[in-house]
Amino acid sequence: MKNVFFVLLALALLLVQSSLSVILPLHPFVPSVLLPMVLYLGVTPDVSLGRGAALAFAVGLVGDEVTGAPLGLGTFIFVAAFLLTRVAGLRLFLRGVPFQIVATTGIAIIAHGAMLALCAIFEPPEAFALVMPPAGVLGAIASWIWGEDEPLVGRAVDVATVLVATGLATGLLSPLVYAITRRVDTFTVRTRRSAGAEA
Amino acid sequence: MSQLKRIREIAIASVLLVIPFFVLNASLRDPSRQSWLDQQILYTLSWVQSGGTSAARVFSDFVDDYVYLVEVREENERLEARVARLEAERHQLLDEGLENRRLRSLLQLRERVGGELIAAEVVSRDIAPPFFRVTRVELDRGARDRVRAGMPVLSGQGLVGLVQRTSGRSCEVQLVVDRRTAVDVIVQRTGARGMLRGTGEDERYMARIQYLGREDALRVGDLVHTSGLGQRFPPSILVGRVTRIVREDFGLYQEVEVSPAVDFSRLEEVLILTEGALGDTIADVAEEPPAREP
């Protein structure tokens, strides 16, 4: 039941994000609401390796399904992120909100970079032309500095801008997602304990 | 046992890490170059996708419906406020329309009556219980406006009464239905003349015509106007309508009840005739020649 709640929470967060994005467009500062959930699984010692990986898999699948990303992309990255945080032994919650934000921002940049890299491996890079105002401005500046003959420089700046924007947005939102996830987690544990006590 | 469990969990995690890699490979690969394994993976995942899409649609519809309901509620509140505002404006327009009509009729009356007329507004009413009949009205014009006792008071509907008493800025009006009021009147259709007196009844506005000969063939509904004789009221002002006629087998006169033309309970604006236009002839009052029954 706890696992179902977790997946439903992921679905709910995604749908809330998609509803809010219509009212408040933040592009390219689009946070990943699911990544902090996966990191929570990674840093919570109560979650076993197998269960955490399965939940990260399910959350990633939900993310791919709802966001329209290539199937398996988010799933792979989330399972990998879970395993990495578990191996690294991070304890985000013991070090306060600033550490949560910084650590999540860093991990989000790496995760989204890995996503772009995976896409570049499996698909031609033309499919990921990133046209957006801030990145476009930076790309234009880069082209002005390095010249029009270096289009790859402009593209790299575009990609870097998006990665940093997404990472920052994810990091800033992460304390809220951690709090919600923890609340749901403790609620389901409490419910289970009280049910056991009654039995 | 613990070691076995650990190995099992690592195996599960590894499988869960590898599966999406294959799925990603299968989903992003050009369909013409997909292997049998890619097709099987995609076929299996299509079921998962289908279920996920349905669940997402249900949830999304639920959220959309909720948002829609919230918007509907807000719109409902906005519309209710707008309806209330429009309703108030409509009432105001209706009031202004009624006032406009009253003022127009007063203007027409002023042109018809001639003489010097001043407009006045009713500022208070004396009410007689239990039927809430108006027995007297007070106007916002008084001695400072050259209003004196005995001056006729008219409205667009007809004769109201006469000024009974004045003070500096107001005056009291004795209504035509007051038992102390006497008006020389003429029945427009027949030309019959008589003296109209108020009955002063508590339950209704009523007056009677006295000294009306039995031979005058009046009908219920006949209009009664001022005759202008006696120099108290201008001629041709509507006083009321005949509502009841009683002819006894004996006597010289018949008893005629007249309902006043003016609705005293809704009286708002009036004219006070301060000077002139007090006719002394009834020649121009009767538009049709008097028709007397044999």
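Naming: A, B, ... by sequence-line order, numbering from 1 per chain.
Tested against A/S48 for a side chain to side chain donor-acceptor pair (under 3.5 Å), the candidates B/R6, B/K5, B/E9 yield a single pass: B/E9.
Interface residue A/L15: only side-chain heavy atoms are found under 4.5 Å from chain B. For B/I10, the parts lying near chain A are the backbone and the side chain together; criterion is any non-hydrogen pair under 4.5 Å. Contact annotation for A/L61: only side-chain heavy atoms (C-beta onward) come within less than 4.5 Å of a heavy atom of chain B. Contact of A/L83 with chain B is made through the side chain alone, with heavy-atom distances under 4.5 Å. Proximity to chain B involves both the backbone and the side chain of A/A12, based on heavy atoms less than 4.5 angstrom apart.
For B/T274 (side chain) and B/E116 (main-chain N/O), a donor-acceptor pair under 3.5 Å exists by modelled atom type. Formation of a donor-acceptor pair under 3.5 Å by the A/R86 side chain with backbone atoms of A/G42 is found in this model. In this structure a side-chain-to-backbone donor-acceptor pair under 3.5 Å is present from B/Q157 to B/D263.
Taking A/L71, A/V79, A/T75 one by one and counting their heavy-atom pairs under 4.5 Å with chain B, the maximum is reached by A/L71. Among B/V23, B/I12, B/V18, B/L17, the residue with the largest count of heavy-atom pairs under 4.5 Å with chain A is B/L17.
With contacts defined as side-chain heavy-atom distances shorter than 4.5 Å, the pair B/L106/B/R102 does not qualify.
No side-chain donor-acceptor contact under 3.5 Å links A/S174 and A/Q100.
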